[in-house]
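Structure first, then comments.
In this text the structure is predicted, and so the values were computed from the model without any measurement. Residue indices begin at 1 and follow the sequence shown.
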Amino acid sequence: MTIKFTVYKGSKDGIKQAETERENLKGDEVLVRTTHSGVCGTDVHFQTAEMGLGHEGTGVVEAIGPDAKLLKKGDRVGWGFGHDCCGHCRQCMTGWETMCPERKMYGVDDLDQGSFGTHAVWREAFLFKIPDNLSNEDAGPLMCGGSTVFNVLHMAQVRPTARVGIVGVGGLGHLAIQFAAKMGCQVVAFSGTDNKKDEAMKLGAGEFYVTSGVKELKVKAPIDNLIVTTSAQPDWPMYCNIMAPGGVISSLSVDSKDLKIPYMPLILNGIRIQGGLVASRQVHRDMLDFAAYHKIKPINMTFPLTLDGIKQALKTLEEGKMRYRGVLVAP
């Protein structure tokens, strides 16, 4: 039996509603009815591409393929940026399948579907069961935004005694503040203005610094781990000057410009710079469990999962008016 469902695709002429179809479920494929989808900055970048949009999906299992063993009809699941991997290369065998040479990722593969739609078909191995005390709405933004910031904390081996700086209090930053705070860290928030100070402090920041028009940052103590979540690269010399020896900078900004860092502070203080994609599957599972246990939730603005709702959500995000994650809700 052919499976047909509605998707919302990007195009050079704007976002359009379309239909897609799949043959009978095979292997460990799972048909998911989408209930919610987070709206990510990456979706803005891809809205003019010929592809199904959305990669922060949550929903309910409607059918499973012959080799699916872990999920059953009615289970609540989510998915993110990664769709598949080879399963046998060095990266896959060591838990880094997000770096697999044959990985399948949003924006490159499975272009006929996404989380902006009524349904989707994914491998069971790349679906995540949503913890009982976490709603589909709140889980949506965690599938990419939460996964991304939790992953760099994991990669940097952040300790509870660390001073963690978060640059940007937005879609990624407000989640990073919560994760770092619940890990027991001293959280230091940096933002262009002070209009997000109260929210940042409520979310777990212990210090807040305004950066607009500032040439030198004066903080109480050096920063051990700095997570940059702004849409563009920051003033690197200003932040390098507040890093502790051996500190780690995690840059999550999506910027086409080259990374230019002051060289001598880098080598004299042994600063490490790391990039990061979304988490591997086990780290992603750990993130969901951690968020559920510590009641970490995104601050959401909701929109209907319709053509008009998608356009409005992306416009809100582009205009910088989203506080802090957009979530599309199926009718």
Determine whether a donor-acceptor pair (N or O, by modelled atom type, separation under 3.5 Å) exists between the side chain of [X] and the backbone of [Y].
| X | Y | result |
| --- | --- | --- |
| Thr58 | Val77 | no |
| Asp75 | Val61 | no |
| Asp110 | Tyr106 | no |
| Glu56 | Gly80 | no |
| Thr230 | Ala232 | yes |
| His174 | Gly170 | yes |

Are [Y] and [X] co-members of a hydrophobic cluster defined by side-chain heavy atoms under 4.5 Å apart?
| X | Y | answer |
| --- | --- | --- |
| Met143 | Leu53 | no |
| Ile166 | Val158 | yes |
| Leu317 | Ile310 | yes |
| Ile299 | Val327 | no |
| Ile227 | Phe81 | no |

What I want to find out is whether [X] reaches [Y] closely enough, with some N-O distance under 4.0 Å, to be called a salt bridge.
| X | Y | answer |
| --- | --- | --- |
| Lys315 | Glu318 | no |
| Asp194 | Lys197 | no |
| Asp28 | Arg123 | yes |
| Glu199 | Arg323 | yes |

May I ask you to test the [X]-[Y] pair for a side-chain heavy-atom distance under 4.5 Å?
| X | Y | value |
| --- | --- | --- |
| Leu314 | Ile15 | yes |
| Val248 | Asp224 | no |
| Val329 | Phe303 | no |
| Val60 | Thr35 | yes |
| Phe116 | Ser37 | yes |
| Leu142 | Phe150 | no |
| Leu288 | Ile130 | no |
| Gln186 | Val164 | no |

Under a 3.5 Å threshold, yes or no: a donor from one side chain and an acceptor from the other, between [X] and [Y]?
| X | Y | result |
| --- | --- | --- |
| Asp286 | Gln282 | yes |
| Asp109 | His83 | no |
| Gln233 | Ser253 | no |
| Thr6 | Glu19 | yes |
| Asn195 | Thr193 | yes |
| Asn300 | Tyr324 | no |
| His119 | Glu62 | yes |

Quick one: name the residues clustered hydrophobically with Leu226, using the 4.5 Å side-chain heavy-atom rule over I, L, V, M, F, W, Y, and just say none if it's on its own.
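Once heavy-atom contacts under 4.5 Å are chained together, Leu226 belongs with Val167, Val188, Phe190, Tyr209, Val214, Leu217, Val219, Ile223, Val228, Trp236, Met238, Tyr239, Ile242, Met243, Ile249, Leu259, Ile261, Leu266, Ile271, Ile273.
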Taking side chain to side chain contact (heavy atoms under 4.5 Å, CB included) as the definition, give me every residue that meets it alongside Ala279, ordered by chain and number, with sequence neighbours left out.
Ser147, Asn151, Val283, His284
Using side chain to side chain contact (heavy atoms under 4.5 Å, CB included) as the criterion, list what pairs up with Thr20, not counting sequence neighbours.
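Phe5, Val7, Asp112.
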Identify the two heavy atoms, one from [X] and one from [Y], that lie closest to each other, and give their separation to 0.1 Å.
| X | Y | result |
| --- | --- | --- |
| Met51 | Gly107 | CE-CA, 3.6 Å |
| Ala189 | Ile177 | CB-CD1, 4.2 Å |
| Thr42 | His55 | CB-CE1, 3.8 Å |
| Ser212 | Gly192 | CB-O, 2.9 Å |
| Trp79 | Phe126 | CB-O, 3.9 Å |
| Leu175 | Pro141 | CD1-O, 4.3 Å |

Please assess Arg163 against Asn225 for the test side-chain contact (heavy atoms from CB on, under 4.5 Å), listing each intermediate value before the final yes or no.
CA-CA 6 Å; Arg163 282 176 56 79; Asn225 299 89; over 6 Å; no
Check the pair Met301 / Arg325 against side-chain contact (heavy atoms from CB on, under 4.5 Å), numbers first and verdict last.
CA-CA 6 Å; Met301 292 177 64; Arg325 300 295 295 193; over 6 Å; no
Examine Phe290 together with His294 and report whether their ring centres are nearer than 6.0 Å.
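Close enough - the centres of the two rings lie under 6.0 Å apart.
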Evaluate side-chain contact (heavy atoms from CB on, under 4.5 Å) for Val121 paired with Val30, printing each intermediate quantity in order.
CA-CA 5 Å; Val121 175; Val30 176; over 6 Å; no
Within a 6.0 Å radius of atom [atom1] on [X], are there more than 12 heavy atoms belonging to other residues, nucleotides or ligands?
| X | atom1 | answer |
| --- | --- | --- |
| Asn133 | CG | yes |
| Met99 | CE | yes |
| Gln157 | CD | no |
| Lys297 | NZ | no |

Option passing salt bridge (charged side-chain N to carboxylate O under 4.0 Å, His left out) with Glu97 (candidates Arg281, Arg90, Arg103, Lys104)
Arg281
Find out whether the Lys NZ or Arg CZ of Arg285 is both under 6.0 angstrom from the six-membered ring centre of Phe128 and within 45° of the ring's axis.
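The answer is no; the distance or angle limit is not met.
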Mind running salt bridge (Lys or Arg N to Asp or Glu O under 4.0 Å) on Lys12 and Glu50 for me, showing each step along the way?
CA-CA 7 Å; Lys12 294 179 180 179; Glu50 297 287 339; over 6 Å; no
Output, in order, the C-alpha distance, side-chain angles, deciding distance and verdict of salt bridge (Lys or Arg N to Asp or Glu O under 4.0 Å) for Glu29 and Lys26.
CA-CA 6 Å; Glu29 289 181 338; Lys26 58 185 183 295; 3.4 Å; yes
